[in-house]
Amino acid sequence: MYSVLLLCGGLAGVTTVLFGFGGGFVVVPLMVTLLIAVHGADSAAGQAAMHIAVATSTALMIFAASLSTWRHHRRRTVQWRLVRPLVGYIAIGAVLGAAAAVSVSGEWVRWMFIGYLAITIVDAILRPGFLHQAKGEARPMVRLVTAITGLFIGSVAAFLGVGGSVMAVPLMRRRGASMTAATAMANPLSLPMAISGTATYVLMSGDTALGAWYAGYVDLRALLALAVGSWLGIRLASRWIGRIPDRIHAGVYLLLLTVVLAVMVVMH
């Protein structure tokens with residue numbers, strides 16, 4: 001199991017630094033599958049598999065998004081003037097999203113995950129502004145729009161354990177950012193969500209008895225294996241920052257979302 005998680009962490013690291021995913025799109029479906037396969041669907045871990053996967057994925061983002069942000073900052077690809085106003089609102093939204101996720105069944109979380117992915121893919125394909133060649137500098141937002149956007153990104157991302165990429169990247173693309181700039185901004189925007197969301201998943205797990213290696217719903221052994229793999233993946237993929245043609249970068253982003261959507265639909 002842990003060798004698979006190490007490999008999964010590596011893939012999560014690659015998708016974090018190049019696409020801003022934060023690991024959730026890779027970690028969540030894999031962990032749900034592994035937890036049910038190893039412990040059984042009727043065990044405590046099996047019944048809480050979706051909550052454990054989302055919580056562990058959210059905790060992984062603290063590490064992966066921090067390291068990826070540093071890599072992008074060194075390459076000067078992060079437009080901090082757009083990132084800073086969103087951070088506080090995303091942190092507040094993350095607490096609300098994580099608290100909501102803990103209070104509903106794992107099956108509901110899974111289908112909401114699937115629904116949001118499907119909407120995102122269709123919206124990016126049908127609406128103009130995502131697949132076209134962007135200039136690189138995103139247009140700023142007014143204060144009210146910034147507040148609403150930040151709360152929405154934080155709550156949905158923490159609820160699903162997917163990081164801010166699925167909302168931040170399409171948003172920044174439509175505001176004129178290149179894929180490199182959009183994915184670079186998705187990483188620091190995932191950090192406040194990851195910190196607030198993880199704390200909420202730990203504190204609001206209630207009387208769930210999952211074992212000594214759990215902090216609330218966070219699987220600590222799985223998190224360690226994922227973090228090591230993520231570090232290796234980020235280190236390997238950092239050389240490609242800014243080198244992927246914009247239209248190909250955008251197309252691969254949508255392809256990866258489609259693959260994860262297919263996995264989540266067929267997963268039981």
Side-chain angles (χ1 to χ4, degrees), residues 8 12 15 19-36 41 45-61 65 89-127 148-171 186 189-190 192-194 196-206 208 216-219 253-254 256-268:
C8 173
T15 57
F19 300 97
F21 282 164
F25 293 108
V26 179
V27 172
V28 171
L30 178 72
M31 276 206 66
V32 170
T33 303
L34 286 176
L35 286 165
I36 293 174
Q47 292 178 352
M50 191 66 191
H51 287 135
I52 294 170
V54 171
T56 306
S57 169
T58 304
L60 175 64
M61 286 177 218
Y89 296 113
I90 288 176
I92 296 170
V95 174
L96 301 176
V102 170
S103 66
V104 301
S105 72
E107 190 65 11
W108 273 102
V109 176
R110 183 171 83 91
W111 281 108
M112 290 179 187
F113 188 107
I114 289 169
Y116 197 87
L117 275 178
I119 291 170
T120 299
I121 293 167
V122 172
D123 182 67
I125 293 173
L126 296 182
R127 289 179 60 188
I148 294 172
T149 300
L151 289 171
F152 180 70
I153 290 175
S155 58
V156 174
F159 187 90
L160 301 177
V162 297
S165 175
V166 71
M167 289 151 285
V169 171
L171 171 68
L189 289 176
S190 293
M193 182 282 297
S196 297
T198 299
T200 305
Y201 279 118
V202 170
L203 296 174
M204 295 191 64
S205 59
T208 304
Y217 282 113
V218 179
D219 185 333
Y253 176 92
L254 291 181
L256 289 173
L257 291 190
T258 304
V259 170
V260 175
L261 174 62
V263 171
M264 290 298 293
V265 168
V266 302
M267 184 182 66
H268 298 286

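FYI, the numbering just counts along the sequence from 1. Computed over heavy atoms, backbone and side chain alike; hydrogens, waters and symmetry mates excluded. The structure displayed is predicted, hence computed values, not measured ones.
- Leu254 and Ala124 make their closest contact through CD2-CB, 3.5 Å (heavy atoms, listed as atom of the first residue, atom of the second, distance).
- If you take OG on Ser190 and CG on Leu60, they are separated by 11.0 Å, rounding to the nearest 0.5 Å.
- To the nearest 0.5 Å, atom CG of residue Leu30 and atom CG of residue Leu35 are 9.0 Å apart.
- Just one residue in the list Thr58, Val156, Ile153 forms a side chain to side chain contact (heavy atoms under 4.5 Å, CB included) with Met193, and that residue is Thr58.
- Taking both residues in full, the closest heavy atoms of Ile36 and Ala49 are given as CG1-CB, 4.1 Å, listed atom of the first, atom of the second, then distance.
- Within the model, atoms CD1 of Ile92 and OG of Ser196 stand 8.5 Å from one another, a figure rounded to the nearest 0.5 Å.
- With contacts defined as side-chain heavy-atom distances shorter than 4.5 Å, the pair Tyr253/Pro170 qualifies.
- Tyr89 and Leu151 make their closest contact through O-CD2, 3.4 Å (heavy atoms, listed as atom of the first residue, atom of the second, distance).
- The two atoms that bring Thr56 and Asp219 nearest to each other are OG1-N, 3.1 Å, heavy atoms only.
- Tested against Ser57 for a side chain to side chain contact (heavy atoms under 4.5 Å, CB included), the candidates Val28, Val218, Thr198 yield a single pass: Val28.
- Looking at Thr15, its side chain does come within 3.5 Å of a backbone N or O of Ala12 through a donor-acceptor pair.
- In this structure, CD1 on Ile90 lies 4.5 Å from CG on Leu189, to the nearest 0.5 angstrom.
- Atom CG of Leu256 and atom CG of Leu117 lie 11.5 Å apart (nearest 0.5 Å).
- Separation of atoms CG (Leu261) and CG (Leu257) is listed at 8.5 Å; rounding is to 0.5 Å.
- Minimum interatomic distance between Ala94 and Pro192 (heavy atoms only, all atoms of both residues): CB-O, 4.4 Å.
- Val54 has its side chain within reach of Met50: a pair of non-hydrogen atoms, C-beta onward, lies under 4.5 Å apart.
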